Amino acid sequence: YAPWCAACQQIELTWENFAKESEHLGITVGKVDVTQEPGLSGRFFVTTLPTIYHANDGVFRRYRGSRTLEDLQGYVLERKWKAVEPVAGWRSPSSIMMHGMAGLFHLSGWIRQIHSYLTGTLGIHVWISYAIFFFATLLIGLFLGL
C-alpha cells in the first residue's frame, strides 16, 4: 500500500479487521508501505495498489478477488488459494531476478536522495545535478568497459 493511495485508504479498515482475525485463521497478515520499502515493491513487482499476495511454504500467489472481509477470510479458510496459479518462478519474489529488481529500486531511491541533497541542501541547480549524474554514468561505463 501507499499512504497517498485512495484505493488503499478504502480497504484499510477491512485489512485491519482481517489482521485482527489472523490468529484465528492461522495466518500472519501484514502490510508494507511501498514508499518506505521500495526494494520490496521491486521484488514483488508491484504495479498497482493495493496489491495483495498470499505466501505459503515459499510459494507466492497474487490475490485478485473481492476486497471484503468475508471474501478475504474465505480465501484462506476455504483454501481458495490452491486454485490460483502461483507466481512464475522467474517472477517469484525469492528468485534471483527479483533480487536484482529490488536492488534497482534501492539504487533509484539512493540516486533520488543524492539528487535531493545536491539540489536541496547544497543549492545546486537541477540541471547541474542532472549533468553530474550524466557524467558519472559515462565515467562508470568507461571504467567498467576497461
Side-chain angles (χ1 to χ4, degrees), residues 1-122 126 129-130 132-146:
Y1 85 100
W4 47 261
C5 170
C8 298
Q9 293 167 359
Q10 193 174 25
I11 192 178
E12 188 170 12
L13 183 60
T14 302
W15 193 254
E16 287 175 8
N17 289 333
F18 185 52
K20 288 177 187 174
E21 295 291 320
S22 64
E23 188 174 324
H24 167 70
L25 297 170
I27 60 171
T28 302
V29 175
K31 69 179 183 178
V32 176
D33 181 349
V34 296
T35 63
Q36 298 296 315
E37 298 291 338
L40 283 178
S41 173
R43 182 171 291 200
F44 281 84
F45 207 66
V46 174
T47 56
T48 58
L49 294 174
T51 300
I52 300 173
Y53 277 94
H54 173 264
N56 188 22
D57 294 330
V59 178
F60 297 88
R61 291 174 173 86
R62 186 163 173 190
Y63 177 78
R64 297 182 189 268
S66 171
R67 306 287 171 93
T68 65
L69 180 59
E70 294 78 23
D71 287 333
L72 290 168
Q73 290 173 333
Y75 185 78
V76 175
L77 288 173
E78 297 168 20
R79 298 182 172 258
K80 292 180 182 178
W81 52 269
K82 287 189 173 190
V84 176
E85 185 76 23
V87 175
W90 66 274
R91 287 192 61 201
S92 173
S94 59
S95 72
I96 292 173
M97 183 162 178
M98 290 298 122
H99 280 285
M101 185 68 77
L104 288 175
F105 274 67
H106 281 295
L107 178 64
S108 69
W110 185 67
I111 290 171
R112 190 173 353 152
Q113 287 177 338
I114 292 172
H115 175 71
S116 296
Y117 175 76
L118 291 174
T119 58
T121 306
L122 298 181
V126 172
S129 175
Y130 292 159
I132 290 170
F133 281 106
F134 174 77
F135 286 114
T137 302
L138 281 177
L139 288 174
I140 291 170
L142 287 171
F143 176 74
L144 290 174
L146 293 175

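Keep in mind that what you see is a predicted model, and the values were worked out from it rather than measured.
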Mind checking the [atom1]-[atom2] spacing from [X] to [Y]? Nearest 0.5 Å is all I need.
X: S116; Y: L122; atom1: OG; atom2: CG; value: 11.5 Å
X: Q113; Y: S108; atom1: CD; atom2: OG; value: 10.0 Å
X: T137; Y: L142; atom1: OG1; atom2: CG; value: 11.0 Å
X: H54; Y: K80; atom1: NE2; atom2: NZ; value: 13.0 Å

Quick one, [X] and [Y] - any side-chain contact, counting heavy atoms below 4.5 Å?
X: S22; Y: T28; value: no
X: V76; Y: F18; value: yes
X: I132; Y: I114; value: no
X: Y1; Y: V32; value: no
X: P50; Y: R67; value: yes
X: L138; Y: F134; value: yes

Check: R61 side chain, W81 main-chain N or O, donor-acceptor pair, under 3.5 Å: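 Judged by distance alone, yes, a pair lies under 3.5 Å.
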- Test item: W15 side-chain N/O and G30 main-chain N/O as donor-acceptor pair under 3.5 Å: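 Yes, the answer is positive, given that a donor and an acceptor are paired below the 3.5 Å cut-off.
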Note to self: Which residues pass the side-chain contact (heavy atoms from CB on, under 4.5 Å) test with T48, not counting sequence neighbours?
What the structure shows: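 Once residues adjacent in sequence are excluded, the partners of T48 under the side-chain contact (heavy atoms from CB on, under 4.5 Å) criterion are T51, R62.
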Applying salt bridge (Lys or Arg N to Asp or Glu O under 4.0 Å) as the test, list every pair that has at least one member in residues 16-30; sequence neighbours left out.
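Every pair satisfying salt bridge (Lys or Arg N to Asp or Glu O under 4.0 Å) with a residue in residues 16-30: there are none.
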Below 3.5 Å, can you tabulate the donor-acceptor pairs from side chains in residues 68-75 to any protein atom, sequence neighbours excluded?
unit_1, atom_1, unit_2, atom_2, d
T68, OG1, D71, N, 3.2
T68, OG1, D71, OD2, 3.0
D71, OD2, S66, OG, 2.8

* CZ of F133: more than 12 outside heavy atoms within 6.0 angstrom? ->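 Atom CZ in F133 is packed in, count exceeds 12.
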More than 12 heavy atoms of other groups within 6.0 Å of Q9 CD |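 Count over threshold, so yes.
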Checking Y63 against V84 for the side chain to side chain contact (heavy atoms under 4.5 Å, CB included) test, could you report, in this order, the C-alpha distance in whole Å, the side-chain angles of both residues, the deciding distance, and whether it holds? CA-CA 8 Å; Y63 177 78; V84 176; over 6 Å; no
